[in-house]
Number of protein chains: 2
Amino acid sequence: MTGKMNATCFGCQVRHTTEWCALNDEELALLDGVKVPKTYEAGTTLFHQGDDCAGIYCISSGLVGVRRLDAAGNSTLVRLCGPGETIGYRSFLRKSSHRSTAEVMMPSTVCFIRRATVRTLLEQNPNLGLRFLDHTLKDADDFEDRHFENVTFTVRSRLLSLLMVLYERFGHLNENGEPVMELPISRQDIAALIGASPETISRSIGAVQDEGLAVFKGRKVQFHSLEALVQQLPGA
Amino acid sequence: MTGKMNATCFGCQVRHTTEWCALNDEELALLDGVKVPKTYEAGTTLFHQGDDCAGIYCISSGLVGVRRLDAAGNSTLVRLCGPGETIGYRSFLRKSSHRSTAEVMMPSTVCFIRRATVRTLLEQNPNLGLRFLDHTLKDADDFEDRHFENVTFTVRSRLLSLLMVLYERFGHLNENGEPVMELPISRQDIAALIGASPETISRSIGAVQDEGLAVFKGRKVQFHSLEALVQQLPGA
DNA sequence: CCGCTGCCTTGATGATCGTCAAGCAGCGAC
DNA sequence: GTCGCTGCTTGACGATCATCAAGGCAGCGG
């Protein structure tokens with residue numbers, strides 16, 4: 001079942017943040033005609049690691065997690081993608097199979113665009129290619145940053161850093177004007193994201209709580225002061 | 001001083017592995033006329049973190065290290081670039097300042113190409129843009145892999161992995177048919193690359209040696225058997 | 001030849017973090 | 001309700017790793 005509001009690309013709320021903002025009306029009509037929008041419930045997988053890349057996915061709402069399997073077969077959350085983000089595009093551009101698994105983390109509506117369609121659009125509109133280039137450049141820089149963080153930060157710092165990133169997307173002020181957030185992912189996934197064991201994360205959260213920076217109740221977090229938290233991050 | 005052999009792009013040994021393989025003879029002549037080739041000795045820095053991106057650098061021989069400064073001001077080696085690789089191109093494409101410092105690690109000859117020249121070539125030849133896209137895609141995937149490695153591998157595994165990567169570029173068989181290699185970087189830089197302290201690296205090297213996998217003497221390494229070493233890497 | 005300096009090693013110690021195991025809270029199924 | 005499941009927490013322990021400090025060893029200038 002698909003929500004009425006996002007049924008067409010023209011009405012899509014997040015289009016201007018995606019690669020597709022490079023398209024003109026005619027091209028957008030083409031895209032609109034062949035895209036496959038769908039709402040998924042949490043737990044669904046869009047594609048599996050090793051699958052052929054059949055096309056790319058454009059998230060219109062919700063949250064999708066990208067996972068990778070290690071040598072032992074354990075699935076590790078590598079990153080999160082939200083509304084306005086495109087996934088599977090790198091495998092598409094490299095004409096290779098998927099290097100990771102995409103799993104829906106929250107109820108989400110996602111549009112699928114077949115490989116052939118994207119190719120046609122890319123040939124018609126060179127600006128679309130530049131958008132993909134921009135996206136790839138940003139991804140490369142992001143991964144470089146995260147690699148640097150993992151090497152130079154402690155688990156505690158990485159946790160605080162992740163909390164701030166999540167807050168930017170999922171946080172808000174409650175009725176008392178206090179910054180609060182509902183964590184979109186489990187502690188196990190938090191652990192995988194920052195490269196630590198779930199137990200260590202649990203203890204780290206406890207420590208952050210003891211210092212009065214935030215209060216955790218299940219997946220609900222209430223921060224005492226965002227400024228105090230930012231100050232604790234490496235780099236002043 | 002510039003070596004005679006690599007004085008022109010047409011004679012450049014590594015051109016077919018660079019982005020410039022997309023250029024036709026006419027475009028190559030343009031590039032050849034304005035490029036600035038130079039040989040640097042070890043220790044020189046090509047550009048500093050935070051500098052404006054004046055153009056891109058194409059390594060024709062030698063080795064260049066990419067460093068980043070952490071909050072405390074320590075410089076940590078992030079990656080190595082060898083002949084046929086282009087550096088500074090992501091800052092150029094994003095029209096931003098350099099996110100890292102490039103330091104010559106071995107005597108190297110490097111060609112500098114001014115920003116305006118690259119722009120002109122990009123406008124003339126769309127294939128060149130595709131080459132840059134490919135390079136960026138590869139970089140993004142590489143960083144994703146390394147992030148995954150850092151999170152899931154131990155220091156020992158990361159060391160062995162790095163040794164194999166270095167061997168592919170700097171290793172060879174000696175007169176007795178044994179695989180040997182001269183390490184291009186210091187232990188401190190090895191430590192930074194894999195995210196560990198120099199002391200831990202020293203001890204890790206000792207352990208690898210005790211197990212008979214390799215013998216280290218200063219920067220000289222002699223492997224007992226590459227197959228045995230590969231088997232020790234995670235993922236069978 | 002001496003002393004210096006940078007780089008590497010080694011040892012001792014403690015902090016951090018992973019692992020194993022048990023207990024607990026929430027939650028849906030029945 | 002209560003059973004069982006899953007995810008989270010806690011404790012105890014050991015392995016790993018960083019830190020501090022001392023010493024060795026080459027290269028180099030005096």
Side-chain angles (χ1 to χ4, degrees), chain A residues 41-43 65 67 70-72 74-77 103 105-106 149-163 182-211 214-221 232 234, chain B residues 41-43 65 67 70-72 74-77 103 105-106 149-163 182-211 214-221 232 234:
Chain A
E41 53 190 37
R67 297 181 178 281
D70 64 12
N74 303 317
S75 146
T76 307
L77 188 60
E103 178 190 328
M105 312 288 289
M106 288 168 45
E149 270 197 18
N150 271 307
V151 162
T152 56
F153 289 11
T154 67
V155 167
R156 184 199 139 89
S157 297
R158 280 177 274 162
L159 174 62
L160 293 181
S161 176
L162 175 62
L163 286 176
E182 174 97 15
L183 286 174
I185 55 176
S186 70
R187 320 261 154 149
Q188 298 184 0
D189 282 337
I190 292 178
L193 264 187
I194 71 183
S197 71
E199 293 95 332
T200 298
I201 295 303
S202 186
R203 282 183 251 266
S204 258
I205 286 178
V208 168
Q209 202 159 207
D210 288 347
E211 296 163 33
V215 180
F216 293 78
K217 265 193 191 137
R219 290 198 172 184
K220 296 194 190 306
V221 191
Q232 299 262 339
Chain B
E41 52 189 37
R67 297 181 178 283
D70 64 12
N74 305 316
S75 142
T76 64
L77 189 61
E103 178 190 327
M105 312 288 289
M106 288 168 46
E149 271 197 18
N150 271 308
V151 163
T152 55
F153 289 10
T154 66
V155 168
R156 184 198 138 89
S157 297
R158 281 178 273 163
L159 174 62
L160 294 181
S161 177
L162 174 62
L163 286 175
E182 173 96 14
L183 285 174
I185 56 176
S186 71
R187 321 261 153 148
Q188 297 183 1
D189 282 337
I190 292 178
L193 264 186
I194 71 184
S197 70
E199 293 95 331
T200 299
I201 295 304
S202 186
R203 282 183 251 266
S204 261
I205 286 179
V208 168
Q209 203 160 205
D210 287 348
E211 296 163 33
V215 180
F216 292 77
K217 264 192 191 139
R219 290 197 174 184
K220 295 193 190 310
V221 191
Q232 299 260 340

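Every chain is numbered from 1 and lettered A, B, ... according to where its sequence line falls, protein lines coming before strand lines.
By the 4.5 Å heavy-atom criterion applied to side chains, A:V151 and B:T76 are not counted as neighbours.
Distance from the side chain of A:S197 is smallest for C:dG18 among the nucleotides D:dA18, C:dT10, C:dG18. Distances were taken from every side-chain heavy atom of A:Q188 (C-beta onward) to each of D:dC8, C:dA21, C:dT9; the shortest belongs to D:dC8.
Atom CZ in B:R156 sits roughly 18 Å away from atom C1' in C:dG18 (whole-Å rounding). For the pair A:E199 CD and D:dG14 P, the interatomic distance rounds to 17 Å; values are reported in whole Å. For A:R158 and C:dT16, the CZ to P distance is 13 Å, given to the nearest whole Å. B:K217 has its NZ atom 16 Å from the C1' atom of C:dT9, to the nearest Å. Rounded to whole Å, the distance from CD1 on B:I201 to P on D:dC17 is 9 Å. In this structure, the CZ atom of B:F216 is 19 Å from the P atom of C:dC7, given to the nearest Å. C:dT9 atom P lies 9 Å from atom CD of B:Q209, rounded to whole Å. Distance A:D210 CG to D:dT9 P: 13 Å, rounded to the nearest Å.
Evaluation of atom-type donor-acceptor distances gives no pair under 3.5 Å for the side chain of A:R219 against the base of D:dG7. On a pure distance criterion of 3.5 Å, a polar donor-acceptor pair joins the side chain of A:R203 and the base of C:dT19.
Side-chain N/O atoms of B:S202 include one lying less than 4.0 angstrom from OP1 or OP2 on C:dT9. Taking side-chain N and O atoms only, A:T200 has a distance below 4.0 Å to OP1 or OP2 of C:dG18.
We find that B:E182 and B:K220 are joined by a salt bridge, their nearest charged nitrogen and carboxylate oxygen being less than 4.0 Å apart. Between B:R156 and B:E211 there is a salt bridge, since a side-chain N of the basic residue sits under 4.0 Å from a carboxylate O of the acidic one. Taking a cutoff of 4.0 Å between a charged side-chain nitrogen and a carboxylate oxygen, B:E103 and B:R67 qualify as a salt bridge.
A distance of 4.5 Å separates CE in B:M105 from CG in B:D189, rounded to the nearest 0.5 Å.
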